[in-house]
Amino acid sequence: MVPSDPMTTGSPRWPVWYTVVALCFAAVFISYIDRTNISVASIAMQGEFHWSETTKGLVLSSFFMGYILLQVVSGRLASRYGGRTLLGAAVVWWSAWTMLTPWAAHISLAALIAARIALGLGEAAVFPACINMVGRWVPVDNRSRAVALISSGLSLGTVFALPATGWLVKAYGWPLPFYVFGVVGLVWAAVWFARVTGGRGIPEPSAEAVHETPWALLLRTPAVWAIVVGHFSNNWSLYVLLAWLPSYFKQTFGVSLANAGLLSAAPSLAMFIMANVAGTLADRMIRTGSSVTFVRKLMQSIGLFGVATFLLLLPLATSAAAGMFLMCAATGTMAFTLAGFSPNCFDIAPRHASVIWGISNTFATIPGIVGVAVTGWLVQRTGGYTAAFVVTASVAVAGGLFFLVAGSGERKIE
């Protein structure tokens, strides 16, 4: 039974969990404008600092070296102490390092890489903390769309960051986006601490709280590994596209820097829209009697097999418009995974959802380090993007097949 606490229910038209989800969405949005702006800014930075494509790939991937280190720790902290304080402190930390990035770049390449690693350490908390807040506040039958909406903040952040960064770099120089976006995060933190409490709004089905994490049981449960593999496969495509789309449009079709940012934003807009369609559809299917297992596997299959198909078609694009259309189709279908693996942790182990997310996002961060850097190496060696897209599509297909075999929507762990 949902408590009648005003902090939980708010008004009938706007229950308080809407505010929690909206602010979590904003946190993810901010995290992605702070991590993505360098995808466009690095084109100007490459000219100023005389980087090779491999060096640029190292700069782009260094964020994930920090991001991967604190995923499980963040999940455990969120599970133990709640997501409010963790998320607020993390946003302050990474916003500060965003503003310090230009200073670090002018010192040395090593300092820039260190700043990007520090940024990644802070952003490691964003999804485990948000998942924890969903578990604390959002009713069970609304969690697919809540998780999809929060996760889609990464797409809208990219939609905003790429053209906005391109415009700011062209008009004022590449350092300005880092200063502006960092200030936005500090403003968000002030609102978050003023408006949100950390209390549990929606109790889990079991009345007795569990504080210990059953690590051995989690790690030997096939459904957990289905989430891990599904998340890894999704993020390989996601991170490669986020990091290299502006360069792909500029180098393949010869568009300007500003137009590269604009063209790169369209696929992210498609992903934002379709993620929320998928989340709403998944919740509706489950409410009307569809098996949760069926729904999660369907969404994951559409996402991973879809993105693979359209990436393999990309070499056929002969214009920037055709390339943008195929990229939009790739990211639009990929968005369905946000109603597949993303809320699946609540299905199989709701009390340990933030920990499962921390585990899966640890593995899913590897593509940010390996996939982004390998893409840079392949582009430099082959002079094009076809080989990189074939590798990315292969990872997606493998992940889709694994989820079909091992995935589940049934409760596995109390």
Side-chain angles (χ1 to χ4, degrees), residues 71-72 75 78-79 127-128 130-132 134-135 138-148 150-151 202 204-206 210 212-237 275 278-308 333-364 395-414:
Q71 287 295 322
V72 175
S79 179
F127 280 110
C130 287
I131 289 293
N132 179 268
V134 169
V138 180
V140 173
D141 60 356
N142 290 286
R143 287 179 178 173
S144 292
R145 65 190 181 105
V147 173
I150 291 170
S151 299
I202 302 297
E204 296 294 352
S206 174
V210 177
E212 296 302 320
T213 301
W215 295 105
L217 182 57
L218 287 173
L219 295 176
R220 66 171 182 261
T221 300
V224 171
W225 286 104
I227 294 173
V228 170
V229 174
H231 200 167
F232 176 95
S233 303
N234 175 80
N235 279 20
W236 187 288
S237 297
T280 301
L281 178 61
D283 277 341
R284 183 175 300 170
M285 291 177 67
I286 292 169
R287 281 198 299 269
T288 55
S290 295
S291 160
V292 177
T293 299
F294 171 77
V295 171
R296 300 300 180 221
K297 289 185 177 183
L298 175 64
M299 297 297 162
Q300 194 71 9
S301 296
I302 293 172
L304 292 179
F305 298 143
V307 70
T333 51
M334 183 173 66
F336 278 77
T337 64
L338 298 182
F341 79 85
S342 283
N344 194 211
C345 50
F346 291 114
D347 303 325
I348 65 173
R351 289 190 178 278
H352 308 289
S354 59
V355 175
I356 293 174
W357 188 279
I359 294 170
S360 72
N361 211 22
T362 298
F363 287 92
V395 172
V397 169
L401 292 173
F402 189 92
F403 197 90
L404 283 175
V405 173
S408 175
E410 299 178 1
R411 180 75 66 88
K412 301 295 183 182
I413 303 170
E414 292 295 333

Shortest non-hydrogen contact from [X] toward [Y]:
X    : Y    : value
I150 : C130 : CG2-CB, 4.1 Å
T333 : G306 : OG1-C, 3.3 Å
V138 : A146 : CG1-CB, 3.9 Å
A278 : M299 : O-CE, 4.2 Å
P128 : G358 : CG-CA, 4.4 Å
L338 : A275 : CD1-CB, 3.7 Å

> Do F336 and L298 have side-chain heavy atoms sitting under 4.5 Å apart?
Replying inline: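 When only atoms from C-beta onward are counted, L298 and F336 do not touch, as no gap falls below 4.5 Å.
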>> Do S144 and F346 have side chains that approach each other closer than 4.5 Å (heavy atoms only, starting at C-beta)?
In response: no
Holding to side-chain hydrogen bond (donor to acceptor under 3.5 Å, both in side chains), I want the full list of residues that pass it with [X], two or more places apart in sequence or in another chain.
X    : answer
S354 : none
S233 : none
W357 : none

> With sequence neighbours left out, what residues match A396 under side-chain contact (heavy atoms from CB on, under 4.5 Å)?
Replying inline: S237, L304, V307, A308
>> According to side-chain contact (heavy atoms from CB on, under 4.5 Å), who are the partners of S301, at least two apart in sequence or on a separate chain?
In response: F305, L404
Nearest 0.5 Å, please: how far is [atom2] in [Y] from [atom1] in [X]?
X    : Y    : atom1 : atom2 : answer
N142 : R145 : CG    : CZ    : 4.5 Å
T213 : I359 : OG1   : CD1   : 8.5 Å
I356 : T221 : CD1   : OG1   : 8.0 Å
T293 : N344 : OG1   : CG    : 8.0 Å
S291 : R296 : OG    : CZ    : 10.0 Å
L218 : I413 : CG    : CD1   : 4.0 Å

> With no hydrogens and no angle check, is any side-chain donor or acceptor of S79 less than 3.5 Å from a backbone partner on G75?
Replying inline: no
> Can you tell me if R143 and S342 form a side-chain donor-acceptor pair at under 3.5 Å?
Replying inline: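 Note: R143 and S342 side chains miss the donor-acceptor criterion.
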>> Walk me through whether F403 and T337 qualify under side chain to side chain contact (heavy atoms under 4.5 Å, CB included).
In response: CA-CA 11 Å; F403 197 90; T337 64; over 6 Å; no
> Would I131 and V147 count as a side chain to side chain contact (heavy atoms under 4.5 Å, CB included) if you check the C-alpha gap in whole Å, the side-chain angles of each, and the deciding distance to 0.1 Å?
Replying inline: CA-CA 7 Å; I131 289 293; V147 173; 4.3 Å; yes
> Who passes ring-ring contact (aromatic ring centres under 6.0 Å, His included) against F363, sequence neighbours left out?
Replying inline: W225
> Does CZ in R284 sit with more than 12 non-hydrogen atoms of other residues, nucleotides or ligands closer than 6.0 Å?
Replying inline: no
